[in-house]
Amino acid sequence: MNDIKISASGVDVFYGDTHAIKNVSVEIEGNTVTAFIGPSGCGKSTFLRCLNRMNDTIDIARVTGSILLDGEDIYDAKVDPVQLRAKVGMVFQKPNPFPKSIYDNIAYGPRIHGLARNKAELDEIVEKSLRRGAIWEEVKDRLDQPGTGLSGGQQQRLCIARAIATEPEVLLMDEPCSALDPIATAQVEELIDELRQQYSVVIVTHSMQQAARVSQKTAFFHLGDLVEYGETGHIFTNPEDSRTESYITGRIG
Amino acid sequence: MSDITANSASGAPRKGSLLVQDGRTQRRNAAERRFQIYGMIAVSVAVLALIFLLTSIVRNGIGAFSQTFITLDVVLAEDKLDKTGNRDRDEMAKVSTFGYAPLITAAIEDRIAAEGIEIEGLSKPVDLISKQAAADLRDFVLANTDRVGETVEFQFLASGRIDGYYKGRVTMASAELDSNVTPQQLMLADALKDTGALERTFNWGFITSPDASENRPEASGLGVAILGSLYMMIVVLVLALPIGVAASIYLEEFAPKNRLTDLIEVNISNLAAVPSIVFGILGLAIFINFAGLPQSAPIVGGLVLTLMTLPTIIIATRASLKSVPPSIREAALGVGASKMQTVFHHVLPLAAPGILTGTIIGLAQALGETAPLLLIGMVAFVREYPGAPPEGFFDPASALPVQIYNWTTRSDPAFVERASGAIIVLLVFLLLMNLIAIILRRRFERRW
Ligand SMILES: Nc1ncnc2c1ncn2[C@@H]1O[C@H](COP(=O)(O)OP(=O)(O)OP(=O)(O)O)[C@@H](O)[C@H]1O
Ligand SMILES: [Mg+2]
């Protein structure tokens with residue numbers, strides 16, 4: 001049993017009058033991959049974005065309840081969301097590389113956090129991150145070209161590499177493989193498994209197989225409710241809630 | 001999706017050759033062609049109007065860039081200009097322009113005699129030469145005191161009527177009725193032209209000289225107005241760009257969205273629509289009457305134009321900030337950048353081309369603005385060049401559009417040509433500014 005990394009209790013999220021997350025409590029463990037599954041629009045992204053306070057940037061979004069990271073309330077008035085986001089990195093649902101060079105895309109985070117003392121160290125971080133993001137071989141000769149000029153799947157891997165370049169403790173990934181071919185998907189899943197040694201990873205996915213392959217814990221969301229949360233093996237073989245069962249069986253066939 | 005369902009509602013799948021257009025496609029294509037024709041008509045009308053406007057301005061104004069000059073040998077008689085003989089500049093400055101007039105009269109009469117020109121009934125040949133000539137000669141002598149006693153070749157401006165004769169404004173018939181010129185003088189001009197003493201050349205004075213009074217249009221120029229406009233543009237750029245961009249960034253990226261910011265937003269949009277003369281009244285009340293700044297000064301004009309330009313810049317800047325996709329902001333925040341880092345590292349560079357365009361449009365508007373400047377006294381007759389900045393900002397000056405307005409109100413037809421010429425200069429400046437905007441935009445866009 002791993003220690004609890006993130007502990008959310010009684011979380012509600014409103015977009016204006018829309019009640020997007022309804023009283024969700026969940027405990028995310030360290031050194032674990034947690035998968036969020038559920039039908040489109042059920043609030044997976046919304047809940048994920050609560051975990052690094054990305055919802056702060058949406059004016060109409062309102063979050064209540066408590067979310068603790070290592071026992072500290074991340075919604076406490078004293079918490080600087082900037083510091084939080086350095087600890088809790090994120091890969092977004094839509095790839096969003098900076099309109100800068102591939103190199104600068106990766107180097108930006110380490111630069112503003114002062115992770116490299118000189119150019120050589122920065123080069124090293126960039127190469128390591130791109131390798132872990134399974135994209136190094138494709139871009140190593142064109143690091144000075146714009147990241148926006150890559151294909152959709154390459155951009156997604158670039159964004160993964162960018163997120164791990166800052167060495168976050170928790171990595172939130174919103175459908176990181178939605179635009180990837182099976183080979184790149186396998187590489188990213190390998191990366192996720194490797195990251196688990198040091199970090200905890202939360203991944204949103206629409207692929208049941210992927211959830212089953214990479215995660216140890218699975219949470220099933222439905223219309224803003226957390227319907228079921230538990231060991232991945234247990235959820236997939238022996239779901240307790242009928243909604244979970246119909247979703248899983250409907251998808252898997 | 002809905003198309004397919006609509007068609008297959010009857011149950012029958014689509015049939016027919018792809019090589020034959022069905023009625024529906026034909027109608028659609030016809031509508032598209034019609035729309036293209038409307039568009040082309042609209043564009044042609046706009047282009048024709050522009051061409052008409054430009055050709056009429058150029059036709060009227062191009063003459064202002066050339067001017068008729070008469071070259072004469074002038075004897076700088078020592079006994080008239082420097083009675084003491086010690087070339088003391090202050091001493092010589094006591095001789096007014098009236099003292100120089102006889103030298104010019106003598107010079108032209110000598111020339112007529114030397115060339116053997118005889119014209120029946122010719123009176124006052126010196127009227128061929130601009131009234132400005134004596135002052136120009138005096139300036140020359142005071143600047144070159146050692147030339148006194150010599151005979152120098154000097155190029156005098158021809159008077160406005162003679163110049164007009166060669167530009168087609170004045171004819172023998174009109175000279176008959178004109179108290180400022182006689183047909184005999186025109187004949188003399190032709191005779192001098194044959195000898196090479198009179199010629200028409202490019203007129204730098206139009207761009208560099210200060211304005212001149214009502215009865216000497218040939219001497220008037222845009223020097224003071226160009227300097228005044230330049231100074232005002234500097235003031236506007238230095239004040240409006242940073243204030244406007246800072247205000248927009250704050251409002252767009254940082255300010256909470258509440259009643260107060262809504263109110264500010266509405267008012268900025270309203271300010272952009274306020275007639276410019278209102279800003280003139282405001283400037284008069286605040287900068288001149290209250291703050292005690294001098295009248296006719298570029299600093300006041302610049303401040304007023306800054307107020308006028310700010311809403312334009314703010315609106316353009318906010319629009320270009322808004323057009324930066326939110327995903328870029330999320331990406332930066334997601335790797336742990338602060339709000340300010342996000343704005344300055346990512347959002348602002350992407351918005352820069354739009355901001356620049358907005359600023360230059362604002363500046364161009366300000367450059368052509370006349371009404372508020374009339375109220376703060378920029379319409380005054382200024383012959384002295386303003387000093388070098390920063391003191392020069394407080395010296396009286398004119399401005400290009402005001403100068404144009406000024407010249408169009410004068411009665412001598414020679415000023416019509418001057419005004420059109422000044423419009424050409426103004427347009428050239430506007431074109432240059434737009435060119436700079438395009439170049440800057442290219443440069444910024446190359447960095448993605
Ligand atoms: N910015 C927003 N403003 C208003 N409503 C929003 C916003 N973002 C999400 N919502 C609403 O919140 C609900 C949950 O959205 P969310 O994006 O979390 O779904 P999701 O589970 O990630 O779906 P998908 O699998 O399609 O990505 C939806 O009903 C959506 O309409
Ligand atoms: Mg989502």
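Side chains included, hydrogens not; waters and symmetry mates left out as well; all remaining heavy atoms used. Order of the sequence lines fixes the chain letters, A, B, ..., with proteins taken first and strands second; residue numbering starts at 1 for each chain. Just so we're clear, the structure is a prediction, and the values are computed from it rather than from any experiment.
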Under a 4.5 Å heavy-atom cut-off, does chain B meet the side chain of A:P97, its backbone, both or neither? backbone
Proximal component of A:R49, with respect to chain B [non-hydrogen, under 4.5 Å]: side chain
Let me confirm one number: the NZ-CG distance from B:K339 to A:D56, rounded to the nearest 0.5 Å. 9.0 Å
Return yes when atom CD of A:E121 has more than 12 non-hydrogen atoms of other residues, nucleotides or ligands closer than 6.0 Å, and no otherwise. yes
Heavy-atom closest contact (B:V335 atom, A:R162 atom, distance): CG1-CG, 3.8 Å
B:F35, CZ atom: more than 12 neighbouring heavy atoms under 6.0 Å: no
Could you tell me whether A:Q83 atom CD has more than 12 heavy atoms of other residues or ligands within 6.0 Å of it? no
Between the CD atom in B:Q341 and the CD1 atom in A:I112, the distance rounded to the nearest 0.5 Å is 4.5 Å
Atom CG in A:N96, atom CZ in B:R329: separation rounded to 0.5 Å? 12.5 Å
Counting heavy-atom pairs under 4.5 angstrom with chain A, the leader among B:A331, B:S338, B:A337 is B:A331
Taking all heavy atoms of A:V82 and all of B:G336, pick out the closest pair and write down the distance. CG1-O, 3.2 Å
May I ask you to check whether A:F98 and B:H345 place their ring centres under 6.0 Å from each other? no
Nearest-0.5 Å distance, CD1 of residue B:I328 to OG1 of residue A:T148: 8.0 Å
